[in-house]
Amino acid sequence: MHMADALLSPAVGTTLWAGTAAITGFASHRLKKQIDDRTIPLMGVLGAFIFASQMINFTIPGTGSSGHLGGGMILAVLLGPHAAFLVMASVLTVQALFFADGGLLALGCNVWNLGVYPCYLVYPFLYKPLAGGGKSPGRVLTASVVSAAVALQLGAFSVVLETLLSGKSELPFEAFLLLMQPIHLVIGIVEGFVTAGVINYVRTARPEILASMAASRPLGRDVQLRKVLATFAVLAVVTGGVLSWFASTHPDGLEWSIQRVTGSDSLPEAGQGIVSVLKRFQEKTAVLPDYSFAPAGNEAQKAEESPAWPMVDGGTSAAGIVGAAVVLGMVLLVGLGIRSFRGRNS
Amino acid sequence: MTFNRNYFDIGRLDRLAYGRTWVHRLDPRSKVVATLLYLLTVVSLPKYEVAALTPFFLFPVLLAALAGIPARFILRKMLIVSPFAIVIGIANPLLDTRTAVVIAGTPLSGGLLSFFSILLKFALTVGTTLLLIATTSFPGVCHAFRRLGVPSLFVSQLMFLYRYLFVLMEEAMRIVRAREMRSFGARGAEIRVYVRLVGTLFLRTVDRAERIYDAMLSRGFQGDIPTLGRSRMAAADLLFVATTVGFLGLFRFVPVTEGIGRLAQGVLG
Amino acid sequence: MSHHIVEFKDVHFRYPDGTEALRGVNFRITHGESVGIVGANGAGKSTLLMHINGCLLPTAGTVTIGDFALTAKTRREVRKKVGVVFQNPDDQLFMPTVFDDVAFGPLNLGMDDAAVRERVDQALALVNGRQLKDKPPHHLSAGQKSSIAIAAVMAMGPDILAMDEPAASLDPRSRRLLIALLNTFNHSKIVASHDLDLILDVCQRCIVIGGGTVVADGPAREILTNAALLEANNLELPLTLQGRS
Amino acid sequence: MSHHIVEFKDVHFRYPDGTEALRGVNFRITHGESVGIVGANGAGKSTLLMHINGCLLPTAGTVTIGDFALTAKTRREVRKKVGVVFQNPDDQLFMPTVFDDVAFGPLNLGMDDAAVRERVDQALALVNGRQLKDKPPHHLSAGQKSSIAIAAVMAMGPDILAMDEPAASLDPRSRRLLIALLNTFNHSKIVASHDLDLILDVCQRCIVIGGGTVVADGPAREILTNAALLEANNLELPLTLQGRS
Ligand SMILES: Nc1ncnc2c1ncn2[C@@H]1O[C@H](COP(=O)(O)OP(=O)(O)OP(=O)(O)O)[C@@H](O)[C@H]1O
Ligand SMILES: Nc1ncnc2c1ncn2[C@@H]1O[C@H](COP(=O)(O)OP(=O)(O)OP(=O)(O)O)[C@@H](O)[C@H]1O
Ligand SMILES: [Mg+2]
Ligand SMILES: [Mg+2]
């Protein structure tokens, strides 16, 4: 459920980038002071482990389909929140770069959804209290299942929000939610079981490993926890603020969907959009043309005062299509030309 | 076997990155910056924009052609990327049925336009990101990150992750193979066995980390991963970034496609 | 009876990253033969061995084991007959104790508990590893791991045995035991190794692989004394034949 | 000058799980000696080597390197003098490219960029690996990895070189190259291996380890021809001396 570049608006993308960049800086800073330098290769190799473990699969009982290990939760348990967050961020970066899974702009969203929640929210406030000292396999199981499920629910919910706020998708809020949450509930529960299994296995096989890892991660001590919490809260407020400002100025996403679901059926024939001269000027000069100076007010009003997008005029649009075809053809020719030239030269 | 495919694919992508064209030789920072600007620009195009997206294909196509990256490989990789964006986007034509434009008598709905727009953006962003790695190499991107101010601890993680990605994936593959060989499809894929396999892999990973740490200490490691001053930004790099910015500005703010279309219509008509 | 035949017909294999590891391999091994596979690093020995039980399937050409052409469908059956010990013992010991590990195969063959115990016991005795039974594999020395990996495969009672570099980290005595063990195993066996002396001790026939094809194939004694041929394939005379000044 | 001396005095080591891997090891290696360490699987060779640069610290007894008794405090200094190549080259090439990897040590020694570049270049030249400079380690063959691991250690200009089973997965030609390389290094060197022929080619002196102690210590030629001693330690005559009937 990686958020993808293609669904993203620059505002949402850059906001979450800023948020996660700040947390990355914070985590690195924290970690630099805390860890013994043995942890550096360990973290890196565990990131690779997360990938490698996904190559091993199991059959989910009764379904015949197969599952594999997630990541954020097990890392948090094994490494503590800061290190786990950085590893998860690295894993997602590699996915974005190597697999183009998610994408570079969406990296901020994905790190937020899959890294921040499990490491900084669920692990300290849900997993730790539930698992207690982590000595009882039963408690570890409960804690893992609940934590993994909650973390993924939060992540999935964020994907919904991020998508709708970006305004590229027409999916109504509720339908989208109904699509995402139940699937991720199942995935989360399965992941929780596996996480608990692996943790308990490691505990019985090599108890010293968990002990030594626990020793090099003092987050359990609550002074730091409070700071983490404060930072998290500030970031949440900032992000929330930006997002909601953005949502309020950008009605074609969330509001429109909600409105649509709540049944104001008198939907206009023509789409909303950017029409006035000012706005066209805006579009041509601003980097984020959609988002600034968008007229307040709801969809219906907007639709009334604006002609259909983009000034429906057969000529212009036909010109657009023809132009697109010509452009694509030229691009293709350029590519092929260079290729055959290179081929002849080498 | 699907995982093997995935793995070998990144192996191939990785191999491409060690090519020797001038695109490969550009400073990694310039390519990272150019790619980010490119992605931002593409994504900033409005929801219903379709035609104006097409000139942006020039950037990845030029890069691929100049760097000798096989287009078919990139295209195939694009297909196996998680189709989340497309799955979500495909709802648009169903939900947004208002006619947005009539072309040659055919009405096109807003949803259809926005769906096409998502498809194009998907192709552009995914293709260009893959090309970044294919022309820069992962270590190159890491060095660029470090020099662009990303915390060094994080970058170190990335480098270790990259280095051991291949080692551990092969290890995992061999474990899977060993299990398959002795399980005859009958059993062996239950959660119980799975947990042990992953647990074993984990324990060995931890042991390996320990050995790596020993090896690092043996070579004077003192807590910071040192780096060598890399190449300097050369004139070629500045030129590359400047050209990219010009290109992005032009296609973002001037309706080039439409102009060309008019021209073509004029010529034809 | 064609039961224990291994036949490669023009087998090609390309790793998806483009490396052509096998480029037309042809040979036929009949029941009871013992065959050594030798060649330079990267010649394709391991890749070839992984074709014998269908871990890899040819990109072109066919592999026939006994009565079956090896395909995704038949490989499950084939694996009951063919035991393969791969190059890195670490990857083959994935269960928490030595006993569990050796028992994994027999259990999956559906044997009952008593039979499994006996099999495990026999297999461990074969490699002198009974006392390691309850140890976790990660606490073994390199050579001990190799021995256990061999036991795990022997416990399944294979008809054809293939081993990739089985002696790499064994001490000379364990190596000698392995040679003896291999010599008592009188079904077909295929051993890939850089240890040409071991090949000479165990195999009657020797196949030289180079650049993904069969470069030479003949009696081990003949091949392994052909200095020019060996030289051309990054090999040299077996040490026992080199003597010392 | 006691600079390149390695001295073990009654060194004991117990792994956290209770295994007593070393039980009183005593020896002294002086400047310029080349010493082979041999012994059965699990005898304690690898454990011993890890004491030479303080990866493990003795549970009892002392290790002295040059002028320092090896402790948690002095080991940083000691590591500048002692280069150790462990059993698995993959664990030692931890940086993303060959160049970065070889440069890692010199950079940690605080050299400036130009000096580092030169060191790297020299070290790579030593193992014939210049053309591999920009490759990532996972694109190297087994033999190449071994060579680069050696180059990475040599780049630090060690006075003492220790290697654990350096030739295990090399084909005969690469093994021969490695032997030649080791013979050009004329400071102290310590090589643990089951390849007794390699020991005979590279070392003047040989120490036999058994059950965690030194069982024999003397000129390599003498030790490695003492059939009874070898036999008692799971070893046998070097293959080149065995000849073949
Ligand atoms: N997973 C892989 N992906 C891509 N190429 C591979 C892979 N494994 C091996 N190769 C390549 O295939 C060729 C044959 O490799 P293989 O492992 O079969 O050689 P080998 O004869 O077993 O060598 P060695 O003696 O070092 O074990 C080599 O060029 C190698 O680099
Ligand atoms: N991490 C470990 N924990 C517990 N015991 C260990 C560990 N590593 C090794 N041992 C045990 O210590 C003893 C010495 O092991 P070591 O690896 O030093 O032997 P070795 O001489 O190098 O053997 P080989 O020739 O097989 O490499 C063995 O009995 C081994 O089982
Ligand atoms: Mg091999
Ligand atoms: Mg050892």
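Hydrogens, waters and symmetry mates play no part in the numbers below; they use all other heavy atoms, side chains included. Each chain gets a letter, A, B and so on, in the order the sequences are listed, and its residues count up from 1.
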Side chain, backbone, both or neither: which part of D:Ala149 has a heavy atom under 4.5 Å from chain B?
neither
Counting only non-hydrogen atoms closer than 4.5 Å, does B:Tyr18 touch chain D with its backbone (N, CA, C, O), its side chain (CB onward), both, or neither?
side chain
Kindly check if the number of other-residue, nucleotide or ligand heavy atoms within 6.0 Å of CZ (D:Arg14) is above 12?
no
Residue D:Val82 versus chain B: region with a heavy atom under 4.5 Å
backbone
Sorted by chain and number, sequence neighbours left out, side chain to side chain contact (heavy atoms under 4.5 Å, CB included) with D:Arg23 holds for D:His12, D:Glu20, D:Thr213
Under 4.5 Å from any heavy atom of chain D, what part of B:Tyr164 do you find: side chain, backbone, both or neither?
side chain
If you tally heavy-atom pairs under 4.5 Å between each of B:Cys142, B:Ser137, B:Ala17, B:Pro139 and chain D, the highest tally belongs to B:Pro139
Chain B contact via D:Phe104 - which portion, at a heavy-atom distance below 4.5 Å:
both
Atom group of D:Asn88 that falls short of 4.5 Å from chain B, counting heavy atoms:
side chain
For the interface with chain B, which of D:Arg76, D:Arg75, D:Met50 has the highest count of heavy-atom pairs at distances below 4.5 Å?
D:Arg76
Can you see whether D:Asn41 engages D:His194 through a side-chain donor-acceptor pair at a distance of less than 3.5 angstrom?
yes
side-chain contact (heavy atoms from CB on, under 4.5 Å) with D:Gln92: which of D:Ile148, D:Val84, D:Val85?
D:Val85
Give the minimum heavy-atom separation between D:Phe185 and D:Leu161, together with the two atoms involved.
CE2-CB, 3.5 Å
Name each donor-acceptor pair under 3.5 Å that joins a side chain in residues 126-137 of chain D to protein atoms two or more places apart or in another chain, with its distance.
from: D:Arg130; atom 1: NE; to: D:Asp121; atom 2: OD1; distance (Å): 3.1
from: D:Arg130; atom 1: NE; to: D:Asp121; atom 2: OD2; distance (Å): 3.2
from: D:Arg130; atom 1: NH2; to: D:Asp121; atom 2: OD2; distance (Å): 2.9

Can you tell me which of D:Asp101, D:Val153, D:Leu56 forms the most heavy-atom pairs within a distance under 4.5 Å of chain B?
D:Asp101
Any side-chain donor paired with an acceptor under 3.5 Å for B:Asp27 and B:Ser30?
no
Return the option, out of D:Val116, D:Leu109, D:Leu93, with the maximum number of heavy-atom pairs under 4.5 Å with chain B.
D:Leu93
